[in-house]
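All chains are named by letter (A, B, ...) in the order of the sequence lines, taking the proteins before the strands, and each is independently numbered beginning at 1. The figures that follow rest on heavy atoms only: side chains count, while hydrogens, waters and symmetry mates do not.
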Number of protein chains: 2
Amino acid sequence: MVKQMLNQNAQQLDHVFRALADANRRAIIDQLSRGPASVSELARPLGVTLAAVVQHLQVLEQGGLVRSEKVGRVRTCHIESSGLDAARDWLGERRALWERRLDRLGEVLAEQKQEKVKKRKRDE
Amino acid sequence: MVKQMLNQNAQQLDHVFRALADANRRAIIDQLSRGPASVSELARPLGVTLAAVVQHLQVLEQGGLVRSEKVGRVRTCHIESSGLDAARDWLGERRALWERRLDRLGEVLAEQKQEKVKKRKRDE
DNA sequence: ATGATACTTAAGTGACGGCTTGACTATCGT
DNA sequence: ACGATAGTCAAGCCGTCACTTAAGTATCAT
């Protein structure tokens, strides 16, 4: 059950990071982080087809980075936090582990240094 | 020149996020964030060939997430901060923009509410 | 009702990604 | 010197990706 959770988590992260790994998709997030937009508004600055944008949006929605509703004939898109959170959390966790290790390493080195100092003093 | 910087930045982000978009590569980072390891040590828990790990390492190094030196016949790998920083910074910036917008939206809504209250008071 | 707008869907294409195998090199222990 | 260990390189396989075109559907304005 824990494994199941990890797998789901892993898949979620796959989707998030994959979604972020494309410049056009990041540009879409960029624009949406400044305010909601329709599909055509998103397509205009990118210089690609509407169809391409729709495909990007599918990837972004799967990653939990964007949400959208259609009212009438226009679909309005906006940022979703959950994907960004998942990415940020994962990054933060690894970083914490890694920095804690560097701290411990620093302590060990400092202790070794101290040992040397003591030794030197003893030898004087 | 600004554009050049943006392009380089974009390429860097492409590499970082692409590197993170694979479960095996994230597992490698996971292990390395707990301490340095050789290529074979990284391969063992993954159940893939050494060759595959070497390829993952190339991607990770390109993304600035891992560094490695070879001494004798063993290559020792450890985490690099620059890739993680780039990813974290980008995420943070979009998030800030987006939250600021939500704040402004909140203010606008609050002001509108206030207007209504004033109006009601005036009408009493 | 008709034309224009705003998507949506399906199919195809060329490039790239992750992985393997197999042959090779360099280094270590004895 | 010898076999075992640790990694490297090249080729190939198959699936996925980003994108396009082409043909739809639904909605809006007149």
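- Checking dT5(C), dT20(D), dC28(C) against the side-chain heavy atoms of A51(A) singles out dT20(D) as nearest.
- OP1 or OP2 of dC19(D) sits under 4.0 Å from a side-chain N or O of H56(A).
- Across the protein-nucleic acid pair, L50(B) atom CG and dT20(C) atom P stand 11 Å apart, rounded to whole Å.
- Neither OP1 nor OP2 of dC16(C) sits under 4.0 Å from any side-chain N or O of R18(A).
- Checked by distance alone, Q55(A) brings no side-chain donor or acceptor within 3.5 Å of a matching partner on the base of dC17(D).
- Ring pair F17(B)/W90(B) is perpendicular by interplanar angle, where above 60° counts as perpendicular and below 30° as parallel.
- Residue K70(A) places at least one side-chain N or O under 4.0 Å from the OP1 or OP2 atom of dT8(C).
- The CD atom of Q58(B) sits 12 Å away from the C1' atom of dA10(D) (whole-angstrom rounding).
- In this entry the distance linking CG of D14(A) with C1' of dG17(C) reads 13 Å, nearest Å.
- Rounded to an integer number of Å, the gap from I28(A) CD1 to dC19(D) C1' is 13 Å.
- Residue T49(B) has its side chain nearest to dT21(C) when only dT8(C), dT5(C), dT21(C) are considered.
- R73(A) has no side-chain polar atom (N or O) that falls below the 4.0 Å cut-off from OP1 or OP2 of dT8(C).
- For the pair D30(B) and R34(B), the salt-bridge criterion is met [side-chain N within less than 4.0 Å of a carboxylate O].
- Two different hydrophobic clusters hold V74(A) and V39(A) under the rule that ILVMFWY side chains link at heavy-atom gaps under 4.5 Å.
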